[in-house]
2 protein chains.
Amino acid sequence: MSVTLKDVAQAARVSVSTASRALTGTGLTSERTQQRLTRIARELGYRPNPIARGLKTGQSRLVALLVHNLTNASFQVMAEVVQARLKALNYQMLLCIGGDDAQQESDTLTTLVDHRIDGLIVVPTGKNGAQLKALANDVPIVCLVRRDDATDLETVLADDPQGAYLGTRHLIELGHKRIGLIVGRQDTTSGRERLSGYVRALREAGIAKDDTLVHAGHFEPETGATGCRKLLDLARPPSAIFVANHEATLGALRVIAERNIAIPDDLSLLCYEDMPWFEWHRPAISIVDNGARDLANLAVDRLLHRMDAKSNGNDGVREYRVGARLVQRDSCRRIEAASAARTPRPKPSKSKSSAAKSSAAKPAKV
Amino acid sequence: MSVTLKDVAQAARVSVSTASRALTGTGLTSERTQQRLTRIARELGYRPNPIARGLKTGQSRLVALLVHNLTNASFQVMAEVVQARLKALNYQMLLCIGGDDAQQESDTLTTLVDHRIDGLIVVPTGKNGAQLKALANDVPIVCLVRRDDATDLETVLADDPQGAYLGTRHLIELGHKRIGLIVGRQDTTSGRERLSGYVRALREAGIAKDDTLVHAGHFEPETGATGCRKLLDLARPPSAIFVANHEATLGALRVIAERNIAIPDDLSLLCYEDMPWFEWHRPAISIVDNGARDLANLAVDRLLHRMDAKSNGNDGVREYRVGARLVQRDSCRRIEAASAARTPRPKPSKSKSSAAKSSAAKPAKV
DNA sequence: AATATTGATGCAAACGATTGCAGAACTGGC
DNA sequence: GCCAGTTCTGCAATCGTTTGCATCAATATT
């Protein structure tokens, strides 16, 4: 079907071995034949068969990226970054979707090593530690975004403590004293770390931690909705909410919209991780950027480093942290001490507050 | 490193050929040895090497999906569907991102066939027709979402004329007479087809087509913004806008928010293709669903059919259309004849109008 | 000019599976 | 118990590369 090395060799009247050496540039051929063969190969449209080569060399020039899903914007940019980087190095990216599911992750992992991938970047579920550890003997592996505590794999993490700290401090600096936090499950690293960053910022500012202001829940929009409702229904509701669980953002936004709460006038809102539409939203939503782009780049760096035969041994460093960054847009507002305790929820008594708000918003056509 | 067929054969004291036959189940082995070998293979943890197998059989159990990007929600669900389907059949999906770029598409395509993929589902840029056509001799190919006119490849398309028709008719049925359309470039199939669906619906309803109501532009949010502004600035602005260009949605929404236009009270808004946050948005945004899920499924069906050696020849059908569906949410409203010409733009006199507000300001809870 | 040295080439064996062909082991019929 | 017929098994070639080793030519060394 396609042109093989043998064809090239025949056309050039040399043996396959010479042809191979000339084309792979192992340097054991004369300058002249090398050039002649490259020319002939090009003319014939020869393309080496990676399967055959792989069989012999044990390499595939395939690098896999295993993520939970593609809905998460962070994973999207990571995938794009990884793809671009690898492509430049003549590797093909194998993008796999594991759905944060232990079984599926396990299956995918075996398929991948079967296919003799040259490297793997994985967002681990944390439930296949043993398997991952075993695979690490065969293939260079780098963990991304999450750590699998059952392994000692090199891991590239977002600096969640810092990110949460940054965000919380920003809100404090704007004058907020009661800051609600919606955060992920506390049995995950990111869930715990974000909470800790929040707590640290409060402590530094001398603000007493109020447990009723913290809602920890699953990675679903629904969490955001219930969390948000819970916070707003408090006797003394927060003047700012920090949604530090990416998946919860939609739910929180919905509740805010349902209750006609004006952002940032009635409530400041800060979210974690960017979404493409955040800056198109009105008001544009301020975020803590976890640095997805940097994370992906670093992961690729580390992987390539490990794939480099020479540096097979580890460097001692087991964990890398990529700094988070505050992106200020329009959803957080400076607040005066007096209004800190103002309740954004319309009480029956002062019935006009909500109506006034919305009509003020579009006074044109009453 | 890993267990090979030879190891299994040795352990069972048979030849490799017998082992191979027993394990692949070619039926030429005795029941007894077959069972014995499967047992031993399992005990030893034997996993066939797809590379070696591929070299011999010319198959890789790899199927590639080549899309433009991962930002587009449709591509996300397609990727997930394809992945799930293929996985069930023991194929590994190779997800590639081509960026709607001719060069990148071309490169990726060659890499893919080099890797001897067993099949390919591609959203073509339309600029590598010749190459695609040539590749089709080596690999079963199905085009998705877009057609490449330079080829006669089997293609699974969304029914854009019908979708646009459906959406427009819906707005007409709600009483709208002046319906703005923001649509994609007219040198793309989808751009043309959506316009034609729109036109047909108007014609059927006996509404004269007004060219000033149609804005065709590039696949970018900016298009949505300028288009939306243009429409709203008209002397007789539309009472409904149909954003039939997925990428333009964000831009349109922003302009609407900036101008404090209340959806659906001041303006009905209908979009094309779903985004995960549309139903969380307030008001939830009505859409024409292009059926991404069905498209992906059908594409897989067709591909599998072609990959089936028996049915190598084509079936004559070159083009499949997947029906679109109207998903009514809260962004379109019935309109009275009188209000059709009302201008939603606030006059300068109301100076405070630009105060930020979330797009959800409807005085529901007064 | 003969030999040592270097550099370029070819032969053939891998890599791990599949598969045509031929031989071995069974089966049953006489 | 022998032979035809059937079923099972093994040998060896093959897929398209890479690579150790031997060979051979050309150059350098004396």
Side-chain angles (χ1 to χ4, degrees), chain A residues 1-38 40-41 44-62 90 110-111 113-118 138 309, chain B residues 1-38 40-41 44-62 90 110-111 113-118 138 309:
Chain A
M1 184 168 70
S2 60
V3 189
T4 83
L5 191 53
K6 200 166 137 200
D7 300 330
V8 179
Q10 262 166 8
R13 321 187 124 270
V14 295
S15 71
V16 246
S17 1
T18 326
S20 169
R21 279 187 276 253
L23 294 179
T24 49
T26 355
L28 297 166
T29 53
S30 72
E31 187 77 1
R32 229 171 54 83
T33 44
Q34 176 147 353
Q35 297 201 342
R36 197 163 63 94
L37 275 162
T38 12
I40 298 189
L44 262 51
Y46 167 72
R47 316 216 75 236
N49 180 336
I51 307 247
R53 175 178 285 172
L55 179 57
K56 184 66 193 177
T57 63
Q59 315 227 301
S60 58
R61 300 215 72 86
L62 249 38
N90 234 321
T110 42
T111 321
V113 283
D114 279 356
H115 275 284
R116 301 297 187 274
I117 50 167
D118 291 348
D138 296 353
Chain B
M1 184 166 72
S2 60
V3 189
T4 84
L5 191 54
K6 200 168 136 199
D7 300 331
V8 179
Q10 262 166 8
R13 321 187 123 269
V14 294
S15 73
V16 250
S17 2
T18 327
S20 170
R21 277 188 277 253
L23 294 179
T24 50
T26 357
L28 295 168
T29 53
S30 70
E31 187 77 1
R32 228 170 56 84
T33 45
Q34 176 146 352
Q35 297 200 342
R36 198 162 61 93
L37 275 163
T38 11
I40 299 188
L44 262 52
Y46 168 73
R47 315 215 75 237
N49 180 336
I51 307 247
R53 176 179 284 173
L55 179 57
K56 182 67 190 175
T57 62
Q59 314 226 303
S60 59
R61 299 215 74 85
L62 249 38
N90 234 321
T110 42
T111 321
V113 284
D114 279 355
H115 276 283
R116 300 298 188 273
I117 49 167
D118 291 347
D138 297 353

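By convention in this document, chain letters (A, B, ...) are assigned in the order of the sequence lines, proteins followed by strands, and residues within each chain are numbered from 1.
- When every heavy atom of A:Asn49 is checked against every heavy atom of B:Asp114, the shortest pair comes out as OD1-O, 4.4 Å.
- The two residues B:Val3 and B:Gly45 come nearest to each other via the heavy atoms CG2-O, 4.1 Å.
- Using a 4.5 Å cut-off on side-chain heavy atoms (C-beta onward), A:Arg36 and A:Ser30 make no contact.
- Distance A:Gln59 CD to C:dC15 P: 16 Å, rounded to the nearest Å.
- Applying the salt bridge (charged side-chain N to carboxylate O under 4.0 Å, His left out) test to pairs two or more places apart or on separate chains, none has a residue in residues 2-15 of chain A.
- When each of C:dA17, D:dT18, C:dG20 is scored by its nearest atom to the side-chain atoms of A:Arg53, the top-ranked nucleotide is D:dT18.
- What you find for B:Tyr46 and B:Leu5 is that their closest heavy atoms are CE1-N, 3.3 Å.
- The A:Lys56 side chain lies nearest to C:dC15 when the options are C:dC15, C:dT18, C:dT9.
- No engagement by B:Pro50 is indicated, since no non-hydrogen atom pair under 4.0 Å with the nucleic acid exists.
- The nearest pair of heavy atoms linking B:Ser60 to A:His115 is O-CE1, 3.3 Å.
- The side chain of A:Thr29 approaches C:dT9 more closely than any other nucleotide in the set D:dG16, C:dT9, C:dT18.
- Proximity note for A:Thr4 (side chain, C-beta onward) versus D:dG16, D:dT18, C:dT9: the nearest is D:dG16.
- What separates CD1 of B:Ile51 from C1' of D:dT18 is a distance of 15 Å, to the nearest Å.
- Rounded to whole Å, atom C1' of C:dA17 lies 11 Å from atom CG of B:Leu23.
- Residue whose closest nucleotide on DNA chain C sits further toward the 5' end, between A:Val16 and A:Thr33: A:Thr33.
- Atom NZ in B:Lys6 sits about 15 Å away from atom P in D:dG10, given to the nearest Å.
- If B:Leu55 and B:Arg13 are placed on DNA chain D by their nearest nucleotide, the residue sitting closer to the 5' end is B:Arg13.
- Donor-acceptor pairing under 3.5 Å, judged by distance alone, is present between the side chain of B:Arg21 and the base of D:dG10.
- One atom, CG of A:Asn49, and another, C1' of C:dC15, lie 13 Å apart when rounded to the nearest Å.
- At whole-Å resolution of the value, CZ in B:Arg32 and P in D:dT7 are 18 Å apart.
- One finds no side-chain N or O of A:Thr18 lying less than 4.0 angstrom from the OP1 or OP2 phosphate oxygen of C:dT9.
- Per the geometry, CG belonging to B:Asp114 stands 10 Å off P belonging to D:dT17, to the nearest Å.
- With rounding to whole Å, A:Gln10 atom CD is found 13 Å from C:dG10 atom P.
- For the pair A:Thr29 (side chain) and A:Gln34 (backbone), a donor-acceptor distance under 3.5 Å is absent.
- The phosphate of C:dT18 (OP1 or OP2) has no side-chain N or O of B:Ser17 nearer than 4.0 angstrom.
- Listed nucleotides: D:dT17, D:dG16, C:dG10. Nearest to the side chain of A:Tyr46: D:dT17.
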Original post:
In dot-bracket form, how is DNA chain C paired, counting a Watson-Crick or G-U wobble pair only if both its distances are under 3.5 Å and using | for bases paired to another strand?
Top reply: ||||||||||||||||||||||||||||||
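- Side chain of B:Ser20, nearest nucleotide from D:dC15, D:dT18, C:dT19: C:dT19.
- Residue A:Ile51 comes nearest to B:Leu55 through the heavy atom pair CG2-N, 3.6 Å, listed as atom of the first residue, atom of the second, then distance.
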